Amino acid sequence: MESRELPFVREMFDSIAPRYDLLNRLLSLRQDVVWRKKLVSVMAIPENGQVLDVACGTGDVSIEICRQKGSRVKVTGLDFSPGMLRLAQEKILRSQNSSISLLAGDALALPFGEASFHAVTIAFGIRNIQDKAGALRAFYKSLMPGGMLLVLELATPKKSRLREAYLAYFQKVLPLIGRLFSKHGFAYSYLPDSVSRFPTTDVFMNIMADAGFSDITCRRLSLGIANFFVGVKGPVKQQMKTNPEC
């Protein structure tokens with residue numbers, strides 16, 4: 001993300017942080033919880049694996065990784081919003097989980113050496129990064145050979161009555177609810193706009209391939225309301241696949 005945009009996005013997430021979890025559950029009808037669990041469930045890492053959770057927000061994915069993969073897994077949660085990190089730290093302390101460390105940082109300038117992690121996750125964060133190709137290259141560089149990248153992001157369903165209803169809710173109802181609960185006049189208008197501007201599935205998978213990832217797959221979740229991308233750091237690029245609704 002270009003530096004001129006960082007202060008605006010950081011301020012927005014700092015502002016909505018106290019209500020972020022509540023609004024996620026409310027606006028997704030708790031599907032965000034299901035999606036995160038699905039993301040972690042397909043992660044293949046050793047018993048003492050190292051995971052980087054980019055745009056970790058309030059820590060839900062980081063905590064879910066430790067819950068599913070065990071206490072010997074070490075997770076580094078990285079986010080550029082101090083407000084989000086404060087809430088993540090409080091949540092981690094309540095969970096009494098000592099396997100998670102938090103760090104303020106930028107996805108385009110990861111403060112780690114090459115081949116540091118067995119897996120990298122980013123949930124609902126890649127759309128906020130303008131230079132997606134640069135971020136994916138940084139993720140690839142930080143992964144060990146054979147390591148997995150797992151990307152969860154909101155999407156727009158394909159043309160159907162569901163799409164019409166979804167867009168009406170997403171573009172009109174959601175901003176009203178967001179302003180009511182978060183007291184931030186722009187954040188939940190920014191959300192639909194950022195989702196609508198996200199690359200199509202095929203385009204994003206090609207960006208992943210250009211960054212070096214192979215065995216790239218995409219699964220549509222909840223009738224296309226979210227997409228789940230997986231790529232592997234490997235020497236052979238195999239055919240990309242789009243899986244149907246799970």
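In this text, all values refer to a predicted model and were calculated from it rather than measured experimentally. In what follows, residues are counted from 1 in the order of the sequence shown.
Remark: the backbone N or O of Arg72 is not paired with any side-chain donor or acceptor of Glu47 at under 3.5 angstrom. Formation of a donor-acceptor pair under 3.5 Å by the Asn48 side chain with backbone atoms of Val73 is not found in this model. A donor-acceptor pair is defined here as one N or O able to donate and one able to accept, closer than 3.5 Å; no such pair exists between the side chain of Lys69 and the backbone of Pro46. No donor-acceptor pair under 3.5 Å is formed between the side chain of Ser222 and the backbone N or O of Ile225. The closest donor-acceptor contact from the side chain of Ser101 to the backbone of Thr76 lies at 3.5 Å or more, if one exists at all.
Applying the side chain to side chain contact (heavy atoms under 4.5 Å, CB included) criterion to Arg67, with sequence neighbours excluded, gives Lys37, Glu64.
The distance from atom OG of Ser196 to atom CG of Leu154, rounded to the nearest 0.5 Å, is 11.5 Å. Taken to the nearest 0.5 Å, the OG atom of Ser99 stands 10.0 Å off from the CD atom of Gln50. Atom SG of Cys56 is separated from atom CG of Leu85 by 5.0 Å, given to the nearest 0.5 angstrom. In this structure, Asp53 CG and Leu103 CG are separated by 12.0 Å, a value rounded to the nearest 0.5 Å. For the atom pair OG (Ser95) and CD (Glu90), the distance works out to 12.0 Å, reported to the nearest 0.5 Å. In this structure, SG in Cys218 is found 6.0 Å from CE in Met205, a value given to the nearest 0.5 Å.
For the residue pair Ala119 and Ile45, the shortest heavy atom distance occurs at CB-CG2, 3.8 Å. For the residue pair Met148 and Ala44, the shortest heavy atom distance occurs at SD-N, 3.2 Å. Between Phe213 and Lys233 the shortest heavy-atom distance is CD2-N, 4.1 Å. Contact detail for Leu39 and Leu150: the closest heavy-atom pair is O-CD2, 3.4 Å. Annotation for Val232 and Gly146: closest pair CG1-O, 3.8 Å, computed over non-hydrogen atoms. Contact detail for Ala107 and Leu78: the closest heavy-atom pair is N-CD2, 4.3 Å.
The closest side-chain heavy-atom distance from Leu152 to Leu221 is below 4.5 Å. Considering only heavy atoms from C-beta on, Lys74 stays 4.5 Å or farther from Val51 through its side chain. By the 4.5 Å heavy-atom criterion applied to side chains, Glu153 and Phe124 are counted as neighbours. Asn97 is listed as a side-chain neighbour of Cys66, based on a closest heavy-atom distance under 4.5 Å.
Cluster annotation: Val40 is not connected to Val33 through the hydrophobic network of ILVMFWY side chains, with a link wherever side-chain heavy atoms come within less than 4.5 Å. Linking ILVMFWY residues whenever their side-chain heavy atoms come closer than 4.5 Å, directly or via other members, places Phe139 and Phe112 in the same cluster. Under a hydrophobic-cluster definition in which Ile, Leu, Val, Met, Phe, Trp and Tyr are linked whenever side-chain heavy atoms come within less than 4.5 Å, directly or via other members, Leu110 and Tyr140 are assigned to the same cluster. Grouping the Ile, Leu, Val, Met, Phe, Trp and Tyr side chains by contacts below 4.5 angstrom, directly or via other members, places Ile63 with Val42. Note: the hydrophobic cluster containing Phe228 also contains Val195 (ILVMFWY, side chain heavy atoms under 4.5 Å, direct or indirect links).
Relative ring orientation between Phe198 and Phe204 is described as tilted, the plane-to-plane angle lying within the 30° to 60° band.
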Worksheet entry | Derivation of the side chain to side chain contact (heavy atoms under 4.5 Å, CB included) call for Asn227 and Arg219 | CA-CA 6 Å; Asn227 283 330; Arg219 172 174 287 181; over 6 Å; no
Item to complete: Take Ile122 and Ile129 through the test side chain to side chain contact (heavy atoms under 4.5 Å, CB included) and record every step on the way to the result.
Response: CA-CA 11 Å; Ile122 180 166; Ile129 302 173; 4.1 Å; yes
Practice prompt. Walk me through it: do Ser62 and Ile92 pass the test side chain to side chain contact (heavy atoms under 4.5 Å, CB included)?
Written response: CA-CA 9 Å; Ser62 296; Ile92 291 166; 5.5 Å; no
Item to complete: Evaluate the side chain to side chain contact (heavy atoms under 4.5 Å, CB included) criterion for residues Val120 and Ser142: first the C-alpha distance (whole Å), next the side-chain angles of each, then the deciding distance (0.1 Å), finally the verdict.
Response: CA-CA 8 Å; Val120 173; Ser142 72; 3.7 Å; yes
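Look at Asp60 and Lys91 and you find a salt bridge, because one of the NZ, NE, NH1 or NH2 atoms lies within 4.0 Å of a carboxylate O, short of that distance.
Applying side-chain contact (heavy atoms from CB on, under 4.5 Å) to Val203 and the options Asn206, Thr201, Thr200 leaves one that passes, Thr200.
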